[in-house]
Amino acid sequence: MDRAAFEDPFSPENFVEKLSRSSTQSKPDAFDPSPLIQVFESTISELYELNAAVAQDIVRLEEEVASKEKSVAMQTKDTSELCAEAQAALLELSQGMRNVSQKVVVMGDVLESKHQQRSRATSTVTIMKHFHAFTLPSPQPLLPPFAGDNPNLHECAEIIQKLHFIASQLPANKFADATAKIAEKHREIEKNLLAEFSAAADTKDTERMRACSHTLFPFDSYQKCLSQFIRAFITSREKELTPDALTSKAIPKFIDAIEETCVEAKQMIHEVFKYPQVVVVAFIQTIVKDVLGSFVQGFIMAAEDEYLDRLHLIYEQTKTLLQRLATRLSVSDAGTTFESNLLRMLFEDYLQSYVAMEEERLQTYYKRVCDEAFAMVKGHGSVRRKSLPTVKTTDPPARTKRGKKVPKNPGGNGSSVADTVDHKNTISPAEFVVQRDKFLSLDNVLTMIDENQRALKRCQSLVTAASLPDLSHRIFTTILQGLGTKYVQRALEIACSAVSGTVKAGSQFDLNLEFLGVVHDVNNIVYLLLKHFWDRVLPLVRSSVNVYQACVTEKNEVLGCIEALMSDGLAQSQKSVIAHCASILSKLQKKGDFSPPEDSMAFAESTCTDACRQCTQVLRRYADRLRECLNGKNLEVAFATLGTRVQAMLVAHVKHMAVNEMGAMLLIRDLNEYEKCVRRFQCAEADAMMVGLKEASSVLIVPADNLRALLDESRMSRVPVDLVHVFARLRHDFRTGNVAQIFSLEK
C-alpha cells in the first residue's frame with residue numbers, strides 16, 4: 001500500500017467503500033462475507049506495517065534535526081565571538097579616528113590663526129602704504145586700485161572705508177591734509193557707488209545692485225540706496241498702481257495691485273540686499289504712505305455725504321491688506337505693531353475728528369427725520385422736553401495739522417424742516433393720530449436704528465479697544481435722544497393731547513381706537529430699541545462696568561418716560577371711552593326706563609335695553625382693539641383698570657334710576673350683558689368686580705322678608721357693603737318697608 005493514498009484530501013469513508021467494492025461479487029443473492037473479511041484483515045496488516053515504517057522515519061528525522069540544531073548552535077556561537085571581536089576592533093578604530101580628528105582640528109585652528117595674522121599684517125601694510133600715499137603732496141599719484149582710468153569701485157570702497165576710519169582716530173592737526181584727501185575720496189567713491197546702483201536699479205540688474213548694496217552697507221548713504229531702489233521699483237509699476245477711479249468698485253483691483261507689487265519687490269529685495277527683512281518693511285511703509293495714502297485722501301473726500309462710510313470702507317480694506325502682507329511677506333513676527341503703526345500713520349488725521357463727526361451726523365439725521373414727521377402738526381413743531389445729558393464735544397476742525405481737508409458736516413445738512421414748513425398745511429393732533437402711519441412710520445424707525453448700527457460698526461473698527469465702550473455709549477445716547485425722546489415721546493405727547501382734547505362724541509371713540517394703534521406702534525418701536533441695545537450695544541460696552549451702568553440707566557430713563565406717557569394716554573383713552581358710554585346711557589336711557597307699568601311687554605321684547613346694547617358694542621370694540629395693541633402685564637393692567645371704570649360708570653348711572661319690580665328684572669338683565677362683555681377681557685380682577693355688581697343687584701328682586709337671609713349668605717360677604725347699599729336704595733319699598741332698617745341706612 002502506497003503512502004500517497006493517505007495524502008490530503010483523505011476520506012476514511014471513501015477508502016472503506018473502495019475496499020468493499022473490490023471484494024464483493026456482482027450478484028447480491030450470492031453474497032459471501034469471507035472475501036470482504038480477508039480484504040479488511042490484509043488491509044489492516046498493511047496499515048500496521050505502514051505505521052511502523054512511518055514511525056521509523058519520524059525517529060530518523062528527529063535524530064537528523066537534533067544533529068542539525070547542535071551544528072547550528074555551534075556555528076552561531078562562533079559567529080557571536082567573531083562579531084564581538086569585530087565590534088571591539090571598531091571601537092578601537094573609532095577612538096583612534098577621534099583622536100586624529102581632534103589633532104587635525106587643533107592644527108587647523110593654529111594654521112587659521114597664523115593665516116589671519118599674516119593676512120592682517122599684509123592688509124595693514126597695504127593700508128599703511130595707501131595712507132602714506134594720501135599724505136604725499138597732490139602731484140603724487142595714488143596707489144592702485146585708486147590709480148588708473150577705470151578703478152574697481154568695490155575694492156576702492158573697501159580700502160577707503162578703512163582709511164576713513166583710521167583718519168577719524170588720528171589727531172586732526174597733524175594729518176589734516178591726509179584726512180581731507182581721504183574724506184574727499186570717500187565721498188567720491190560713495191557717490192559713484194550710488195550712481196552705479198541707481199543705473200542698475202533702472203535696468204533691474206540684480207547682480208550689480210547686490211554688489212553695490214553690499215559694498216554700500218557700511219557707508220552712511222546706505223539709506224539713500226534703499227530709497228532709490230524703492231522709488232525706482234514703484235515707478236516701474238506706476239501704471240498698475242494708478243487706480244481707475246475714486247470709487248468703491250476700484251478698491252479691490254487697486255489693493256491687489258499693491259499686494260502683488262510688494263510680493264514682487266520682496267523677491268528682488270532678497271536677491272539684492274544684505275538684510276532683506278528690514279528693506280521689505282521699509283518698502284511696505286513707503287508704498288502705503290505715498291501710493292495708498294494718496295488714494296485714501298482722494299477716495300474719502302470724493303463724496304462728502306459718504307465721508308464716514310468711505311472712511312470705514314477704506315480703513316477695513318487697508319487693514320485686510322496689511323494683514324495679508326504680514327502673512328505673505330513674513331513680517332508678522334513683529335506682532336500687531338506693524339499693522340497698527342501703519343494704520344495710525346495713514347489714518348491718524350481722519351480718526352482725530354471721527355467721533356465728533358459721527359455724533360454730529362447721527363444727531364443731524366435724527367433731527368431731520370423728527371422735523372419731517374412732526375413739523376406739520378399744529379403746536380408741536382418745536383416741542384421742548386428734558387433730554388439726556390450728552391458728552392461735550394468740540395466742532396471738528398475744518399483742516400487737520402497735515403493739511404488734509406475734513407468735511408464740516410458729513411451725511412447731510414443741519415437745516416430744520418420746521419423752519420421751512422408751510423403752516424397753511426398743518427394738521428391737528430387728532431389728524432396726526434388718524435394718519436399715524438404717515439408720521440410714526442416703522443420705516444423711519446428701522447432706518448434710524450440701522451444708521452445707529454452702522455455707526456457702532458464703524459466705531460468698533462475705527463477706535464481702539466480702550467475707548468470703544470465710551471464712544472459706543474455716546475453713539476447709543478444719540479438714538480436714545482433721537483428715537484426715544486424726540487420721536488417716540490413727541491408722538492405720544494401729540495397723541496395724548498388729541499385724546500384728552502375736546503372733540504365730538506362720535507369721532508371721539510374712533511379716535512381712541514386709533515390712539516391704541518399709536519400705543520401698538522410705540523410698543524413695537526420699544527421692542528426694536530431694546531433688541532438693538534442687547535444685540536449691538538451691550539457687547540461693545542460690557543467691558544466697562546461704569547459705561548454699562550450709564551447705558552442701562554439712560555435707557556431705563558427714556559423707556560420710563562415713554563411708559564409714563566403711554567400709561568397717561570391709556571388712562572385718558574379709557575376715561576374718554578367711559579365718558580362716551582356714559583353719554584350713550586344718558587341720552588338713550590331715561591330715569592323711568594326701569595319702572596315700566598306692570599302690563600308692559602318690555603321684558604319680552606329683547607334681551608337687553610338699546611342703551612346697554614350700544615354700550616357693550618363700544619366696550620367690545622375697544623377691548624378687542626386693546627388686545628391687538630397690548631400684551632402681557634400691560635394688557636392685564638389695562639383691562640383691570642377698564643373693568644374698574646366700567647363698574648364705576650354703571651354704579652354712577654344706576655344711582656339716578658328709578659326701579660320697580662319689573663324694572664329690576666330689566667336692570668339685572670342689562671347687568672348680565674355687561675358682565676358677558678367684561679368677561680371678554682379675560683381679567684380675573686375685572687370679572688370679580690362685575691360678579692360683585694351682579695350679586696349686589698340681587699337685593700332688587702328678593703322680597704323684603706328674605707333680605708336678611710340673603711345678606712347672611714357667604715357669597716354676599718365678598719360684595720362691598722357700599723355697593724349693596726346703592727342697589728338697596730333703588731328698591732321701591734326702600735322707604736315704605738323696613739328695608740332701610742335692615743341695611744341700617746336710615747333710622
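The chain is numbered in sequence order, starting from 1. The basis for the numbers below is simple: all heavy atoms, side chains too, and nothing from hydrogens, waters or symmetry mates.
- The shortest heavy-atom contact between Leu346 and Gly293 is CD1-CA, 3.3 Å.
- Looking only at atom types and distance, the side chain of Thr478 has no donor-acceptor partner in the side chain of Glu359 under 3.5 Å away.
- The distance from the NZ atom of Lys191 to the CG atom of Leu193 is 12.5 Å, given to the nearest 0.5 Å.
- Between Phe254 and Phe295, a ring centre-to-centre spacing shorter than 6.0 Å is recorded.
- Of the N and O atoms on the side chains of Glu554 and Thr477, at least one donor lies less than 3.5 Å from an acceptor on the other residue.
- Geometric assessment of Arg542 against the ring of Tyr548 yields a negative cation-pi assignment under the 6.0 Å and 45° thresholds.
- Look at Asp309 and Arg454 and you find a salt bridge, because one of the NZ, NE, NH1 or NH2 atoms lies within 4.0 Å of a carboxylate O, short of that distance.
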Arg324 and Asp256: side chain to side chain contact (heavy atoms under 4.5 Å, CB included), yes or no, with the steps?
CA-CA 10 Å; Arg324 286 156 52 184; Asp256 291 342; 3.2 Å; yes

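- Side-chain contact annotation: Gln228 with Arg231, donor-acceptor N/O pair under 3.5 Å absent.
- Here the side chains of Val463 and Leu351 are not in contact, with every heavy-atom distance at 4.5 Å or above.
- Distance check, rounded to the nearest 0.5 Å: CG of Leu292 to CG of Leu241 gives 10.5 Å.
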Checking salt bridge (charged side-chain N to carboxylate O under 4.0 Å, His left out) for the pair Arg210/Glu271: CA distance, chi angles, key distance, verdict?
CA-CA 7 Å; Arg210 179 170 62 251; Glu271 296 177 4; 5.7 Å; no

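- Aromatic pair Tyr275/Phe217: centroids less than 6.0 angstrom apart.
- Note that CD1 of Ile255 and CG of Leu321 are 5.0 Å apart. Values are rounded to the nearest 0.5 Å.
- A distance of 12.0 Å separates NZ in Lys486 from CG in Leu480, rounded to the nearest 0.5 Å.
- Between Ile475 and Val355 the shortest side-chain heavy-atom distance does not fall below 4.5 Å.
- Residues Leu90 and Ser94 fail the side-chain proximity criterion, which asks for heavy atoms closer than 4.5 Å.
- Note that the OG1 atom of Thr242 and the CZ atom of Arg237 stand 11.0 Å from one another [nearest 0.5 Å].
- Note that CD of Glu240 and CD of Glu264 are 8.0 Å apart. Values are rounded to the nearest 0.5 Å.
- A salt bridge links Arg310 to Glu306: one of the charged nitrogens lies within less than 4.0 Å of a carboxylate oxygen.
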Could you please spell out the steps behind the side chain to side chain contact (heavy atoms under 4.5 Å, CB included) verdict for Asp470 and Ser544?
CA-CA 8 Å; Asp470 182 61; Ser544 174; over 6 Å; no

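- Between Tyr307 and Tyr350, the closest side-chain pair of non-hydrogen atoms falls below 4.5 Å.
- Within a 6.0 Å sphere centred on CD of Gln95, other residues, nucleotides and ligands contribute more than 12 heavy atoms.
- No side-chain heavy atom of Pro276 sits less than 4.5 Å from a side-chain heavy atom of Lys266.
- Leu362 places none of its side-chain heavy atoms less than 4.5 Å from the side chain of Ile479.
- A 4.5 Å side-chain heavy-atom check between Ile287 and Phe233 finds every atom pair outside the cut-off.
- Classified by interplanar angle (parallel below 30°, tilted 30° to 60°, perpendicular above 60°), the ring pair Tyr315/Phe347 is perpendicular.
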Audit row: Lys555, Leu530, side chain to side chain contact (heavy atoms under 4.5 Å, CB included) steps and yes/no
CA-CA 9 Å; Lys555 171 182 68 70; Leu530 286 174; 3.8 Å; yes

Candidate pair Glu260 and Arg328, rule salt bridge (charged side-chain N to carboxylate O under 4.0 Å, His left out), full reasoning:
CA-CA 10 Å; Glu260 293 305 321; Arg328 295 189 65 180; 3.4 Å; yes

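- Ring planes of Phe533 and Phe476: tilted class, angle from 30 to 60°.
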Please step through side chain to side chain contact (heavy atoms under 4.5 Å, CB included) for the pair Met209 and Ser213, ending with a clear verdict.
CA-CA 6 Å; Met209 284 193 292; Ser213 66; 5.8 Å; no

